[in-house]
Structure formats: structure tokens, C-alpha cells
Amino acid sequence: MLNKIAKRIILLLCTITVVGVLSGCTETILSQNGPTAIFVAGKLDSDNTFSKSVNWLENTFSKFENLAKHGAEEKSQTLAIPDQYQVLLIGSDRRDGSWNGNSDVMILASLNRNKKTISFISFMRDTGVNVPNVGYGKLNSSFAKGGAKLLQSTLESNFQISIDNYIATDFVSMADIIDLFGGVDLDITDAEIPVINGYINEMATLRGFDPSEYQLSAAGTLHLNGLQAVGYMRDRYVGSNDFQRTERQRIVLQKLLEKLKTMNALEILKLGSSMTNLSIQHNFTAEQITGLAALALECRNYTVVMDRIPYDGLYTSNGENLDPVWPETIEKLHATIY
């Protein structure tokens with residue numbers, strides 16, 4: 001059914017959005033004063049999988065619209081996505097091609113079709129872990145040393161989970177994604193204004209924009225465009241450092257999810273198509289993207305769970321690192337996603 005199919009695009013877009021959104025709060029994590037970047041400054045795969053999947057989606061919508069008219073049931077086996085499916089959303093502070101950068105945003109997006117839940121679990125940059133073939137260190141360093149594959153294997157081995165795919169992009173594309181949604185309404189405090197404006201100034205200058213056109217002048221409930229919202233997400237100076245910054249990420253993510261829920265199938269398809277030219281790295285196949293797209297609107301009424309690791313009360317400080325209390329952390333994570 002068309003409505004059911006359109007439902008399925010949401011998860012894919014949520015994935016892209018989350019990555020962007022939650023990455024937006026990133027900063028050069030090892031430095032208090034370093035610049036923040038939201039995603040990996042990557043490129044689309046050479047075979048342009050996303051563009052292919054958009055064409056595939058158009059055919060899929062036509063096929064299922066015809067089935068809906070005749071009251072036929074969806075042939076879901078052709079677009080199979082497992083009942084339990086995990087995608088790793090990565091945001092790096094890389095500014096050039098000289099290295100991978102630190103993955104200062106790491107979000108596990110988990111779909112559980114049996115429980116009808118979608119979970120977004122943030123892993124904090126300073127989480128202390130054992131990096132395979134490297135040793136103990138901060139979680140975000142695993143991406144710097146071995147890219148998405150090493151980060152994925154680090155999460156899988158430490159947290160005893162299985163990750164199906166990953167996606168990563170840069171903060172420029174995150175701002176563009178938010179603009180595709182038409183911006184977001186956010187409650188901004190007086191204390192946040194100068195910090196946000198500082199990030200706006202940096203990002204606007206890097207993109208060749210006039211910073212004065214983007215500066216915020218007063219607190220309140222404001223409608224922010226992509227550049228301004230990214231400035232908000234990057235703020236870790238007002239409040240409880242990275243803990244509150246991840247909360248800001250989740251606030252923006254929730255705003256984007258709310259907008260997705262109001263879109264019909266064609267609007268979602270158009271949004272997905274508009275994202276094909278953004279700077280995104282991933283390891284999805286066209287079939288997987290199509291399957292997620294066909295699942296999206298089904299997830300519209302799923303319960304959304306957002307959380308953060310280390311969990312409150314389940315970690316100890318070890319210098320600059322935050323070491324999880326492993327048995328309880330793994331148990332709680334598994335109870336959420338499985």
C-alpha cells in the first residue's frame with residue numbers, strides 16, 4: 001500500500017538526518033578550542049548508490065500504488081529488511097583528506113520491528129574502550145586509526161552487538177539537510193546566543209557566506225536555518241559540556257522526525273532525491289536502501305527511544321576517559337535494542 005511504503009522511507013531519512021543532526025554537535029573533541037565538524041567529509045560512492053536507489057524507489061512507489069488500487073498485499077519479501085536492523089551513524093571532525101578524523105558523533109540507529117521501536121543511542125566520544133589490535137583508548141580514536149570498519153568492530157566487540165551498515169557525512173551537508181526540511185524551531189537562551197553566533201561566524205566564513213546574515217540577535221523560540229541549527233548543535237560550552245551537547249543533538253533530531261511524520265510519500269521521496277548530491281559516505285546497497293524506504297511509513301507510529309552511553313550512574317572517570325560499568329551497560333543496551 002502506498003501509505004505503508006511511504007512509511008518506510010522515514011527510517012532511511014532518519015538515519016541520514018540523525019547522522020547529520022547528531023553529528024552537528026560535534027567538535028574537535030580532543031581540544032577545548034578546536035573547530036567542530038559534524039560529519040565525515042566524504043564523497044558518494046563512485047557507483048552513486050543513492051541516486052540509483054532513488055530511481056529504484058520511484059519504480060517501487062509506482063508498483064505498490066498499483067497494488068494498493070487493487071487491494072493487493074505488499075510483496076515485502078522483495079524489499080526484505082530484517083526485523084532487527086542496526087545502522088551506525090558517524091560524525092567526524094575531519095576538515096581535509098589527510099586523515100579520517102575523530103568520530104566525535106557515533107549513533108547507533110536500531111530498528112526493532114517486533115517491539116515496534118526505533119532507538120538512537122549516542123556513544124560519547126570519551127568512552128573508554130579496547131580498540132581491536134590497538135589497545136585501550138577513547139572510542140572516537142578508533143575511527144581516526146581505522147575508519148568506519150575499525151569503529152564498527154570496536155563497538156561490536158566492546159558492546160557485544162551486531163551492526164549492519166554505516167553512514168557518515170560532514171557538517172556542511174548537515175546544514176543542507178536541515179535546510180531541505182525547511183529549518184527547525186528551537187528554544188534559544190541568552191547564554192547560548194554568543195556561542196551559537198561564534199560557530200555561525202566560523203561556518204559561514206568557511207562557506208563564503210556573509211556571517212552577518214545568519215547571526216542570532218535575541219533569545220526565544222526561533223526558526224533556525226541549517227547553518228544556525230548546526231551552530232546550536234555544536235554548543236558544548238553552555239551547560240554540562242558534551243552531555244548537554246548530545247541533548248541538543250537529540251532535540252534537533254526530534255524536530256526533524258516530527259517533520260518527517262507530517263510528510264506524504266511523494267514529499268519524502270522528493271526529500272530523499274534532494275539528498276543524493278550531498279557529501280555522504282556509506283556502505284548500503286541499492287537493495288538495502290530500497291528496503292528501508294519501503295519500510296519508513298510503517299515506522300511512523302513506532303516508539304522512538306533516545307539515550308546516551310555511558311549511561312547515567314553506569315560509568316567511572318579514568319583521567320579524560322569515561323569507562324562504562326560493562327555488565328550493566330551491555331545489559332541495558334541489549335534490553336533497549338533487542
Side-chain angles (χ1 to χ4, degrees), residues 16-39 41 89 91-95 101-102 104-107 120 122 124-126 140 169-260 278 306-308 312:
I16 297 173
T17 300
V18 173
V19 186
V21 168
L22 295 166
S23 298
C25 320
T26 311
E27 177 164 347
T28 302
I29 280 327
L30 300 180
S31 168
Q32 293 268 339
N33 300 314
T36 296
I38 294 181
F39 290 64
L89 312 176
S92 168
D93 65 2
R94 186 177 74 168
R95 289 303 185 97
N102 292 302
D104 294 340
V105 173
M106 296 160 286
I107 308 295
F120 298 105
S122 304
M124 293 184 67
R125 63 186 187 182
D126 295 335
N140 68 346
T169 188
D170 59 28
F171 70 88
V172 170
S173 291
M174 188 55 233
D176 291 340
I177 287 171
I178 295 172
D179 282 335
L180 289 175
F181 277 84
V184 291
D185 294 330
L186 295 170
D187 295 324
I188 306 299
T189 66
D190 288 318
E192 290 171 325
I193 291 286
V195 179
I196 294 172
N197 281 341
Y199 285 125
I200 289 173
N201 183 70
E202 175 200 12
M203 294 185 293
T205 300
L206 286 172
R207 299 190 68 174
F209 300 158
D210 181 358
S212 66
E213 296 181 3
Y214 296 87
Q215 297 286 297
L216 304 181
S217 59
T221 300
L222 308 178
H223 184 76
L224 304 189
N225 60 30
L227 196 66
Q228 295 165 332
V230 169
Y232 169 81
M233 293 185 292
R234 291 177 59 180
D235 180 8
R236 72 181 185 90
Y237 295 104
V238 178
S240 55
N241 203 295
D242 198 40
F243 290 91
Q244 191 156 343
R245 180 168 59 179
T246 60
E247 181 182 354
R248 291 187 178 94
Q249 298 173 359
R250 291 189 289 272
I251 289 172
V252 175
L253 171 61
Q254 189 64 50
K255 296 288 186 179
L256 295 178
L257 291 177
E258 288 170 2
K259 288 201 167 194
L260 278 172
L278 302 183
M306 297 191 187
D307 214 331
R308 181 205 68 235
D312 290 341

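Every side-chain hydrogen bond (donor to acceptor under 3.5 Å, both in side chains) that Ser212 has, sequence neighbours left out, goes to Asp210. Residues forming a ring-ring contact (aromatic ring centres under 6.0 Å, His included) with Phe243 (at least two apart in sequence, or on another chain): none. With sequence neighbours excluded, no residue forms a side-chain hydrogen bond (donor to acceptor under 3.5 Å, both in side chains) with Thr205. Every residue two or more places apart in sequence or in another chain that forms a side-chain hydrogen bond (donor to acceptor under 3.5 Å, both in side chains) with Asp176 is listed here: Arg207. By the side chain to side chain contact (heavy atoms under 4.5 Å, CB included) test, Asp307 pairs with Ile121, Tyr311, Lys332, sequence neighbours left out.
The shortest distance between side-chain heavy atoms of Asn102 and Arg125 does not fall below 4.5 Å. Side chains of Ile177 and Leu278 form a contact here, defined as non-hydrogen atoms less than 4.5 Å apart. For the pair Arg234/Val195, no side-chain contact is recorded, criterion being any heavy-atom separation below 4.5 Å from C-beta on. Counting heavy atoms from C-beta outward, Tyr232 and Ile251 have side chains that approach closer than 4.5 Å. Residues Leu216 and Leu224 form a side-chain contact, since some pair of their non-hydrogen atoms from C-beta on lies under 4.5 Å apart.
Judged by distance alone, with hydrogens and angles left aside, the side-chain atoms of Lys255 form no donor-acceptor pair with the main-chain N or O of Gly183 at under 3.5 Å. Remark: the backbone N or O of Gln228 is paired with a side-chain donor or acceptor of Asn225 at under 3.5 angstrom.
Distance check, rounded to the nearest 0.5 Å: CE of Met124 to CG of Asn241 gives 7.5 Å. Taking CD1 of Ile193 as the reference point, atom CG of Leu222 lies at 6.0 Å (rounded to 0.5 Å). One finds the CD atom of Glu258 at 10.0 Å from the CG atom of Leu253 (value rounded to the nearest 0.5 Å). To the nearest 0.5 Å, the span separating CG on Leu257 from CZ on Phe181 amounts to 8.0 Å. Once rounded to the nearest 0.5 Å, the distance linking CD1 of Ile196 with CE of Met233 reads 10.5 Å. Taking CZ from Arg250 and CZ from Arg308, the interatomic distance works out to 6.5 Å, rounded to the nearest 0.5 Å.
Nearest heavy atom pair, residue Gln215 against residue Asn201, reads NE2-N, 3.8 Å. Counting all heavy atoms, side chain and backbone alike, Ser122 lies closest to Ile107 at OG-CD1, 3.0 Å. Considering every non-hydrogen atom in both Gly231 and Met203, the closest pair reads N-CE, 3.6 Å. Residue Ala204 comes nearest to Pro211 through the heavy atom pair CB-CA, 3.8 Å, listed as atom of the first residue, atom of the second, then distance. Minimum interatomic distance between Arg245 and Asp235 (heavy atoms only, all atoms of both residues): CB-O, 3.5 Å. Across all their heavy atoms, Ile178 and Ala229 have their closest contact at CD1-CB, 3.8 Å.
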Return all side-chain donor-acceptor pairs below 3.5 angstrom for residues 185-192, not counting sequence neighbours, or 'none' if the list is empty.
{"residue": "Asp185", "atom": "OD1", "partner": "His223", "partner atom": "ND1", "Å": "2.7"}
{"residue": "Asp187", "atom": "OD1", "partner": "Thr221", "partner atom": "OG1", "Å": "2.5"}
{"residue": "Thr189", "atom": "OG1", "partner": "Glu192", "partner atom": "N", "Å": "3.2"}
{"residue": "Thr189", "atom": "OG1", "partner": "Glu192", "partner atom": "OE1", "Å": "3.3"}
{"residue": "Glu192", "atom": "OE1", "partner": "Thr189", "partner atom": "N", "Å": "2.9"}
{"residue": "Glu192", "atom": "OE2", "partner": "Arg248", "partner atom": "NE", "Å": "3.0"}
{"residue": "Glu192", "atom": "OE2", "partner": "Arg248", "partner atom": "NH2", "Å": "3.1"}

Residues Val184, Leu256; criterion side chain to side chain contact (heavy atoms under 4.5 Å, CB included); working and verdict: CA-CA 7 Å; Val184 291; Leu256 295 178; 3.6 Å; yes
